[in-house]
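Written below as structure tokens is the structure these notes are about.
This is a predicted model, so every value here is computed, not measured. Chain naming here is simple, since letters A, B, ... match the order of the sequence lines and numbering starts at 1 in each.
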Amino acid sequence: MEYRFRDIEKKWQQHWEKTQAYKVSNTSEKPKFYVLDMFPYPSGAGLHVGHPLGYIASDIYARFKRLKGFNVLHPMGYDAFGLPAEQYAIEHGVHPAISTEQNINNFRKQMDNIGFCFDWSRELRTSDPAYYKWTQWIFLQLFKSWFNPKANKAESITTLIGIFENEGSQAEEFTAADWKNFTEKRKQEILMGHRLAYCGIGEVNWCEALGTVLANDEVVNGVSERGGYPVVKKKLRQWYLRITDYADRLLEGLETVEFSDAMKEMQTNWIGKSIGAEIQFPLSISPRRGEEMEEIGAKLKRPGFGYPDYKVDSEMSFENAKRMRREPTEAESILWSALRSKQTGYKFRRQHPVENYIADFICLDVWLAIEVDGGYHTTVEQKEADDIRDSRLKELGFTTLRFTNEEVINKIDIVVETIQQKATELKKTLPPKTIGGPGPSPLQGEAGERVTVFTTRPDTIFGVDFMVVAPEHELIEKIVPANHKLPVEEYITYVKSRSERERIAEKKITGCFTGAYALNPFNGREIPIWISEYVLAGYGTGAIMGVPCGDERDHKFAKHFNIPITNIIGNYYNGEEANATKDAILENSDFLNGMVMRDAIGVVIGRLEDREIGERKVNYKMRDAAFSRQRYWGEPFPIQWKDGVAIPLPESELPLLLPEVDSYSPGPDGEGPLANIPEWVARELETNTMPGYAGSSWYFLRYMDPDNKQEFCNRKVSDYWNQVDLYIGGTEHAVGHLLYSRMWTKCLYDLGLIGFDEPYKKLMNQGMIQGSSRFIYRISWLGVFKPDFDFSKLPIILVSKNFRNSWVHGEKESIEKINDEVQKVLKNAGITSMHTFSISELHVDVNIVDGVELDIEAFKKWRNGEYSNAEFILEDGSVYAPLSPGEPARPSHSDGGLGVRSTYICGVETEKMSKSKFNTVNPDTLVEKYGADTFRMYEMFLGPVEQSKPWDTKGIEGVHRFLKKLWRLFYDEVKGKIWNDGKATDAELKVLHKTIKKIEEDTERFSFNTAVSAFMICVNELSDLKCYKKEILEPLVIMLTPYAPHIAAELYAELAGGEVINASFPKFEAKYVAESSKEYPVSINGKVRTNITISLDVSQQEVETIALANETVQKWLEGKTPKKIIFVKGKMINIVI
RNA sequence: GCCCUGGUGGUGGAAUUGGUAGACACGCAGGACUUAAAAUCCUGUUCGCCGCAACGCGAGUGCGGGUUCAAUUCCCGCCUGGGGCACCA
């Protein structure tokens, strides 16, 4: 009886479906185990051999755990919303729901073929209203929550409202009373700045021609990848998730989960926590002075980029400021107590340095300086000094008010009123502050008066030779003097056409001087402000301080633009490349001179904080997650916009169904397609939809309780199943999906909806299976065609790989050979008008190539006979021409045997597996040919699951042979059943138990490839021993169940009766594999020279004696005495001479 | 550019904690069975040198250094394939 895998597999798959063998209950005495695969997107291309890799791995583990006595949840479903279906809809007019449904059916059919143990009664689809109802519901919970930093967790927004009502907000500068007086709209605006799901303004890549928003990788060199149309940045209202508030918890959580170190590192880097300082650099030229400014700028004749022409003892003014703050005059004290804490409605600072002056009081919001004159201001010299100071302050854009001591002391009310009036007046003349909304851009606030940078190295403050501001920084348009406008605008136009990716990756140094200067806050040194594409508005503050001697990128920038470099680290800087050391002793660094850099960091921060020009700051590279898409095929937001205020729909109205649309094209102004529906717009509903990761951020919870109509998941059920014990998927989800779903889980936990705050306890990464592409080489005709030329007469000539290669390398012989052939063919075809050609490389379907040999006959039938008349120049130079009429069909090379066996050799390259590259291998054809069990085991046998590798079908035969060999331990072709009840020998038991141990260990650590090898070794050894004993075979079959469930079920049913999937994993017994001696490798100076078998229980002394007595050892010793003998018990012996 | 990851025979890979490099399988070569083929079985197979063979010798885990009695494994520098870089999923 032969191994009839097709019958067996069909039989058992039907049996399992009929008996609902994989249906899992939410209540069980057994311990639970949750195995989950990352949500697949049902693409139109169907499954290729890369997809099942992870599913087979999880299936093996799930089945293994079941044999080990666990109640195993192993569900599957579909991340069914997504762009490809929408793109297909735009191109073909098919509703995404329809194409998605078809794709899912196809996926399901393919998966069923492979014999997975999924509990299909729990299948999910994110596009199903019964599912997305709860996605919308969770979104509303996020919308109605804020992150309370004190509690370090999310809370209902009502607790925040309570705080505002009672205390107001210090950070946002309003009192409880203010809050009560705010309009509802204003209150909502403020609350929006705290909601976990919030609305803001964000920039997208907008392609007018395609009428759509593009992903970064769809933008190449400033134009769309599809079509090559121009792309610009467009600001759109967007939803965001406040994931940055969870940054610290996402970092801490990594310590509690079993992810690979690489994965943890990637997430840590993505979050990008860095500790440093935010430093404010005052601007040298006030943006308020407009046109007048450049004249001054020009007049000032700044000496290049070097030091300004006045020198300040900054330590002096700094010390003065501090001392004077400590010892204020009476008048100053009185005025300060009237101005402090925003009593006037304006924020004043006292003894604040402006360049090298120190203003008594200053309000940076309205550019107002207040001077209180003591008696000594009456001298002529002092008067002059005051005038210079006033005019400089005026130059900088400040208005100065002067009061005498007497005025302040006696008429404080009038003084304060005057100040208030002036401030209010100034405020009106100020350019309107841009209200950017609560978007993620950090560029708002008091732009226009100073540049704020974030740095992890405040100790290098005196090495700042330039600043780089993001070209899209709002400050730019305000600070650029007219004579610099043109080049700056040109540069900004260039940057606008670039995707973020391109900007970051650009090796070429680009940038543009803005014509404006900032001042070093400590010594007033002028610092030129540049813009460059490598600084992004979204990172940090959107501006960096350039320290060329300490940072490689800054160094290159300075060198490229000839910006003089200040060396603050002495010998550590060699003038050639930057040195990021923290160990150098600072030079040219004012009050830091002589200090070790790492110590200076804290000192600088202390001074920054003292002088209120900066502060210690934790910065995250991670930005809030953009959570809306201007697309159709996604979850609608349950939000209405009334008078610019977002109103959540009542939960009773969920789900908000995705409406039908006539066209899937975007709406006006880059809005989503939903904006095209009059009724939708009339209801003032949000026209964006949610992104792909919305549904996949919580799906693991829905699997636990998929049919619940009352809640997203019953708490008791989620308490039972708890975390996913094993999550399998690719590293491509390392930072996207995994971080989002971790954040959602933490939110749900904070809100008391689930009982754990990390979704995935253990993560296993599966590698990608790449495609191995094959190429053919076709002669492409170049030449002049007559107008009436009949193109069908043009012959198709294909040359084998080596001919093409040598042709490319210009080898005479090949060129002549190809030329001859070409001329002959052209002549036969009666073509004389052209004679030149090139050779182009074309993908050919890997399925009609055996290794690298093209199956010529199959190729001729490929693509409806496109190449049926092609002529082939084969590897040996012979020509394979089309049949002349009446000539009998020739066998292709693979039919072998007849005539000369020359072949057409294809080119090979490893690429992504993709339909368009004709390198996809469909699992269906392999399952059809070899069976699901062979396919499963072969995918595992290919190598470690977590490693990427190109697919090669060669080798599947070996696994198939193994299963046939296993079968022959049970059945003989002639005799039929051959197993017996005989008592197993020691040798047989040893083979069995060695295998049990290996399979158990390997399965537990996901080393499935070595487990398959162990099965092969076991079957080989049992075959050699001619062991057909039930005592051995039965445990073997149980062990095999996770890997090859069909054949195991069949053999087990015959052998023992019953269902193997409910059996128990065999127990390993050490006594059967115990060894008493070991064949030790004996090395001389680390090189193995011989082997000696020695009992395992002898001492080092005895081993040395035995080893030295050995003949080979004697020979190598050449009479010398060994210096040292190393003996590692059970491992090896090494003799050092 | 930045972050992560891989590189071992003709091929996929093994070597679990620094201890016999190449398990297992493919392919290839030779042989057995057969009229023949398929299927199956047996033998050999890292490279080089010597040799009828056995034995033996040398080199060898991307490249160049280092640590160690001993390195595929640890350290430093480089080359190179793959994944990610925020709207592909």
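- A59(B) and A71(B) have their P atoms separated by 12 Å, given to the nearest Å.
- The distance from atom CD of E957(A) to atom P of C24(B) is 19 Å, rounded to the nearest whole Å.
- When heavy atoms are screened at a 4.0 angstrom cut-off, D79(A) is found touching the sugar-phosphate backbone but no base atom.
- The ring of Y246(A) has its center no closer than 6.0 angstrom to the ring center of W744(A).
- Rounded to whole Å, the distance from NZ on K1124(A) to P on G19(B) is 17 Å.
- Contacts of W1116(A) with the nucleic acid, taken as non-hydrogen atoms under 4.0 Å apart, involve only primed sugar atoms and P, OP1 or OP2.
- A23(B) makes up no base pair with any nucleotide shown, lacking Watson-Crick or G-U wobble contacts both under 3.5 Å.
- Within 4.0 Å (heavy atoms only), K998(A) reaches at least one base atom of the nucleic acid.
- For D1024(A) and V204(A), each mapped to the nucleotide of RNA chain B holding its nearest heavy atom, the one lying further toward the 5' end belongs to D1024(A).
- Taking only side-chain atoms of V1088(A), from C-beta outward, the nucleotide of A89(B), A21(B), C85(B) with the closest atom is A21(B).
- Phosphate contact (OP1/OP2 of A14(B), side-chain N/O of N1009(A), threshold under 4.0 Å): present.
- Taking atom OH of residue Y693(A) and atom C1' of nucleotide C88(B), one finds them 14 Å apart after rounding to whole Å.
- The residue S628(A) sits close to a base: some heavy atom pair falls under 4.0 Å.
- Spacing between G18(B) and C3(B) at atom P, rounded to whole Å, works out to 26 Å.
- Among the atoms of the strands shown, none is found under 4.0 Å from any heavy atom of K556(A).
- A donor N or O paired with an acceptor N or O is found under 3.5 Å between the base of C69(B) and the side-chain atoms of N1134(A).
- Remark: R961(A) is in phosphate contact with C26(B), judged by side-chain N or O atoms under 4.0 Å from OP1 or OP2.
- Of the residues listed (V959(A), L926(A), V1012(A), I56(A)), the one engaging E939(A) in a side-chain contact (heavy atoms from CB on, under 4.5 Å) is I56(A), and it is the only one.
- Within the nucleic acid shown, G82(A) comes within 4.0 Å of sugar-phosphate atoms alone, with no base atom in reach, counting heavy atoms only.
- Here U5(B) presents its C1' atom at 11 Å from CD of E946(A), a figure rounded to the nearest Å.
- Here the side chain of R1089(A) is nearest to one of U20(B), C41(B), C57(B), namely C57(B).
- Under the 30°/60° scheme for interplanar angles, the aromatic rings of F1015(A) and F962(A) are found to be tilted.
- Taking atom CZ of F1008(A) as the reference point, atom C1' of A14(B) lies 17 Å away to the nearest angstrom.
- Residue contacts shown for V213(A) include a base, since a base heavy atom lies under 4.0 Å away.
- One finds a salt bridge joining K997(A) and E1001(A) here, because a Lys/Arg side-chain nitrogen approaches an Asp/Glu carboxylate oxygen to under 4.0 Å.
- Pair assignment for C57(B): G48(B), on the basis of Watson-Crick or G-U wobble contacts that are both within less than 3.5 Å.
- For G44(B), the base adopts the anti conformation, since its glycosidic angle falls more than 90 degrees from zero.
- Rounding to whole angstrom units, CG of residue L236(A) and P of C87(B) are separated by 13 Å.
- Nearest to the side-chain atoms of P944(A) among the listed nucleotides G13(B), A15(B), U11(B) stands G13(B).
- Residue K1087(A) places its side chain closer to A59(B) than to any other of A86(B), U40(B), A59(B).
- Taking the side chain of K949(A) as heavy atoms from C-beta on, and the options G82(B), G13(B), G83(B), the nearest nucleotide is G13(B).
- Remark: P of A39(B) and CG of D972(A) are 19 Å apart, rounded to the nearest angstrom.
- Annotation for E91(A): atom CD counts as buried by contact number, over 12 foreign heavy atoms lying within 6.0 Å.
- Nucleic acid contact for A734(A): none, since no nucleic acid atom lies under 4.0 Å from a heavy atom of the residue.
- Note on R1005(A): a base of the nucleic acid sits closer than 4.0 angstrom, heavy atoms only.
- For the pair K233(A) and E472(A), the salt-bridge criterion is not met [side-chain N within less than 4.0 Å of a carboxylate O].
- Within 4.0 Å of L214(A), counting heavy atoms only, lie sugar-phosphate atoms of the nucleic acid but no base atom.
- Side-chain N/O atoms of N216(A) include none lying less than 4.0 angstrom from OP1 or OP2 on C88(B).
- Straight-line distance from the CD atom of E502(A) to the P atom of C85(B): 14 Å, rounded to whole Å.
- Ring pair F39(A)/H737(A): centre-to-centre distance not below 6.0 Å.
- Within 4.0 Å (heavy atoms only), K621(A) reaches at least one base atom of the nucleic acid.
- Using N1 to N3 plus N6-O4 or O6-N4 for Watson-Crick, or N1-O2 and O6-N3 for G-U wobble, each under 3.5 Å, U40(B) pairs with A32(B).
- In a base pair of the Watson-Crick type (N1 to N3 plus N6-O4 or O6-N4) or a G-U wobble (N1-O2 and O6-N3), with each distance short of 3.5 Å, C85(B) is matched with G1(B).
- With values rounded to the nearest 0.5 angstrom, L241(A) atom CG is found 9.5 Å from M690(A) atom CE.
- Counting non-hydrogen atoms under 4.0 angstrom, I1126(A) reaches a base of the nucleic acid.
- Between S1013(A) and D952(A), the residue anchored closer to the 5' end of RNA chain B is D952(A), taking for each the nucleotide with the nearest heavy atom.
- Q238(A) comes within 4.0 angstrom of a nucleotide base, judged by non-hydrogen atoms across all strands.
- Nearest nucleotide to the P84(A) side chain, out of G19(B), A89(B), A21(B): A89(B).
- Using a 4.0 Å heavy-atom distance criterion, L942(A) is classed as a sugar-phosphate-only contact.
- For Q630(A) against C87(B), a side-chain N or O and a base N or O form a donor-acceptor pair under 3.5 Å.
- Within the 3.5 Å criterion, the main-chain N or O of S274(A) finds no donor-acceptor partner in the side chain of N619(A).
- As rounded to the nearest Å, G27(B) and G84(B) have P atoms that lie 33 Å from one another.
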